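The structure appears below as structure tokens.
All figures in this text were calculated on a predicted structure; none of them were measured in a lab.
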Amino acid sequence: MEKNAQKLLAELNRKYKKLHKQYEELYWLFYMGDHSVEGKLNKALAARDAFRANKKYASAVEKFLESARGKEKEKLSAWKLFFSKYQAPENLIELKKRTDELESKILQRRAKRKEGYKDPRSGKFVRASTARMSMIMVTDGDEAVRKACFRAKEELAKAYVSEYVRLVKMRNEYARELGYEDFYDYKATTTDGMSKKEIFSIFNEIYEKTKYAFKDIRKMEKRMSGLRKPWNFSFMMSGDFRKEEDPYFQFDEMLMRWGRSFSAMGVDFNGGTLKFDLIERKGKHSNAFCSWPDPVSFENGKKIPGSSNFTCNAIPGQIGSGINAGRTLFHEGGHAAHLLNAEQSEICLNTDYPPASAAWDETQSMLFENIFNSIEWKARYARNKEGEKYPLNLFERKIKKLHKLIPLNLAAIMSVSEFEKRVYEEKNINEAKVVKIAKEVHKKHFDRSEPSVSILSVPHLYTSEHSCYYHGYGLAELAVCQWRDYFYKKYGYVVDNPQIGKEARKFWRMGSSKTFKEFVKLATGKRLAPDAYLREATMALRERISSAEKKLKKMETVPEYKKKVKLNASIKMVHGKKVICDNKNGFEKMVQKYKQWLEGL
């Protein structure tokens, strides 16, 4: 009996590793712009999903569990949990396949579509990606151009409403056949072990305690005419700051600063392989993401390091491109470090799919993104080409102007979450209702002078794996605030603190062996709650500036990291299928080669 159980475990690990890798490699190629692999991608996805839903494997695991003991019982229990997330009747397998095929068609159309805006002066069409138009709306001084970009993005957002309605109906049918209220209920339960009621009671509390900021913005509008127009808001509030900050965040310096900062914090990629594709190009997916073709695995007791790919759509030379790329490196770098350090014996606990928690996954990435956004990181790492430090008076001026917006920092996340919840709960959903809900939710969470359907541009909506997922970012933000408080109370600082990587790795090694709320309690010593976030979001201006000054004072006692970058990873910089450089001869030399390549673009 024991030998048969061991054979089953070996077979499960071997098969899932193979199927996972086949799908993830094709997924990467497709999302990076090679749409010729669509057929193979759909087949690989179907094969992986068939394994997950395999009733014979699930039954065999249950059978062996009856007499299992010790480590063998733990391993079988992991697979029991895994299979429980994916069991479905035979009639739903075909439905899932049709849903997947429709999703890939939408993604392919999105990647190939013509993007741009109509120039308000010449009337000519100007080609521009949605990312580029978003940045134009923040930095271009011509309101007519900003408005043209807004209108163009609104039309693009509505381009796939019909297909989206079909997806919602198919996903709901799938979830209800499994006994769930709707697809949102299914996803929240299976990915984070939380009910919709629990999640949205937290979000509603945050909304009620922060919505006073809308009154403050309306008061500001009295002296800033047109502030609440959706094409004006970001420009009028932060456009000048984005331009003023830009010289301190040159794109070609971001890779080095990321490497040095992660190295200083003791982040170790556990011998894994990293591949970065950072530059925008036609056909490439418009959203940053991280994937793991090779989860960490074990063969005959020997660890096999994993691999991770991550991407963003930087536009070298465009204002804001550097800071966006830096934020992506920290966010996706946190994701990569998390699962490359997962060291559970059963591979089903070392991936980013259930039983992994979306919220806990995002806690890792957002912890590091938060560090990048901090004044301590900017003061230490942000420099212009003359070597001058990020000006502290710029920070103070920015904080004083944007302070009243900080209570609304979760608005974007909560709006997408509420939109999806309402759409999946809506009876007899149709295109008109989708657009209506999008506008109502946008009005509630942003209070602009004109409602927008921008929520429909969020890529997560169009893939089942990532739809009804956005609440994970919100829950993660709460966890990050708690974890950050823990670090500050224990060490007094976070930036360049080698204990950050060391402490985080204790939990990274656990893979998805715990629930989100269990991990939060273990890491922070406290149960998940919105308290730490609300304290930060509603902090008085004087207290916010005082807190920043104390953190900067503490950083004066922390020595700068002067050693060579050591991340314990094999790294490749790529552009599509082209390998630009790697770190075989050192991280620093790789950065220099990448800089040289950028100069030729």
Which atom pair, heavy atoms only, marks the closest approach of [X] to [Y]?
X: P451; Y: E154; result: O-OE1, 4.3 Å
X: A537; Y: Y212; result: O-OH, 4.4 Å
X: K158; Y: V161; result: O-CG2, 3.3 Å
X: G320; Y: R242; result: CA-CD, 4.0 Å
X: M236; Y: M224; result: O-CE, 3.6 Å
X: H338; Y: D361; result: CE1-OD1, 3.1 Å

### Task
Run the numbers on Y424 and C468 for side chain to side chain contact (heavy atoms under 4.5 Å, CB included), then give the verdict.
CA-CA 9 Å; Y424 285 98; C468 304; 3.5 Å; yes
Checking side-chain polar atoms at under 3.5 Å, does [X] have a donor or acceptor matched by the opposite partner on [Y]?
X: S452; Y: K443; answer: no
X: S134; Y: K153; answer: yes
X: E465; Y: H460; answer: no
X: S129; Y: E280; answer: yes
X: S104; Y: E38; answer: yes
X: Y469; Y: E362; answer: yes

Rounded to the nearest 0.5 Å, how far apart are [atom1] of [X] and [atom2] of [Y]?
X: L92; Y: D49; atom1: CG; atom2: CG; value: 12.0 Å
X: K96; Y: L45; atom1: NZ; atom2: CG; value: 5.0 Å
X: E101; Y: I106; atom1: CD; atom2: CD1; value: 12.5 Å
X: Q250; Y: R257; atom1: CD; atom2: CZ; value: 5.0 Å
X: E25; Y: N309; atom1: CD; atom2: CG; value: 8.5 Å

So, [X] side chain and [Y] main chain: donor-acceptor pair closer than 3.5 Å or not?
X: T363; Y: V480; answer: no
X: D277; Y: T311; answer: no
X: D192; Y: M194; answer: no
X: D119; Y: K124; answer: no
X: N313; Y: H285; answer: yes
X: K577; Y: D34; answer: no
X: K439; Y: V453; answer: no
X: K187; Y: S467; answer: yes
X: Q364; Y: W360; answer: yes
X: R281; Y: M32; answer: yes

Would [X] count as a cation-pi partner of [Y], with NZ or CZ less than 6.0 Å from the six-membered ring centre and within 45° of the ring normal?
X: R448; Y: F233; answer: yes
X: R52; Y: Y353; answer: yes
X: R146; Y: F235; answer: yes
X: K114; Y: F125; answer: yes

Centre-to-centre under 6.0 Å for [X] and [Y], is that the case here?
X: H445; Y: Y207; result: yes
X: F519; Y: F516; result: no
X: Y27; Y: Y23; result: yes
X: F368; Y: H331; result: no
X: F183; Y: Y174; result: no
X: F276; Y: W258; result: yes
X: Y31; Y: F289; result: yes
X: W377; Y: F330; result: yes
X: Y184; Y: Y180; result: no
X: F30; Y: H35; result: yes

### Query
Between E244 and K398, is there a side-chain N and carboxylate O pair less than 4.0 Å apart?
no
Do other residues, nucleotides or ligands put more than 12 heavy atoms under 6.0 Å from [X] [atom1]?
X: K401; atom1: NZ; result: yes
X: K222; atom1: NZ; result: no
X: K400; atom1: NZ; result: no
X: K436; atom1: NZ; result: no
X: K40; atom1: NZ; result: no
X: K444; atom1: NZ; result: yes

### Task
Compare all side-chain heavy atoms of K169 with those of E173 and state whether any distance is below 4.5 angstrom.
no
### Side-chain touch F372/M254, heavy atoms, less than 4.5 angstrom
yes
### Stepwise side chain to side chain donor-acceptor pair (under 3.5 Å) check, E245 with Y390
CA-CA 8 Å; E245 282 186 325; Y390 182 91; 2.5 Å; yes
### Test side chain to side chain contact (heavy atoms under 4.5 Å, CB included) applied to R218 and D447, step by step
CA-CA 9 Å; R218 287 193 174 226; D447 189 37; 2.9 Å; yes
### Task
Take H471 and F203, measure what side chain to side chain contact (heavy atoms under 4.5 Å, CB included) needs, and give me the verdict at the end.
CA-CA 9 Å; H471 63 261; F203 285 177; 3.8 Å; yes
### Task
Output, in order, the C-alpha distance, side-chain angles, deciding distance and verdict of ring pair (Phe, Tyr, Trp, His ring centres under 6.0 Å) for W292 and H20.
CA-CA 9 Å; W292 296 264; H20 175 92; 8.7 Å; no
### Message
Set out, in order, the CA-CA distance, both residues' side-chain angles and the distance that settles salt bridge (charged side-chain N to carboxylate O under 4.0 Å, His left out) for R109 and E163, then state yes or no.
### Response
CA-CA 11 Å; R109 283 181 57 199; E163 291 89 341; 2.3 Å; yes
### Message
Go through it in stages, so that I can follow the logic: the residues are S464 and R171, the test is side chain to side chain donor-acceptor pair (under 3.5 Å), and I'd like the CA-CA distance, side-chain angles, deciding distance and then a yes or no.
### Response
CA-CA 8 Å; S464 293; R171 290 169 182 168; 3.2 Å; yes
### Task
Kindly determine whether K209 and T538 satisfy side chain to side chain contact (heavy atoms under 4.5 Å, CB included), including the steps that lead there.
CA-CA 8 Å; K209 291 181 177 179; T538 60; 5.6 Å; no
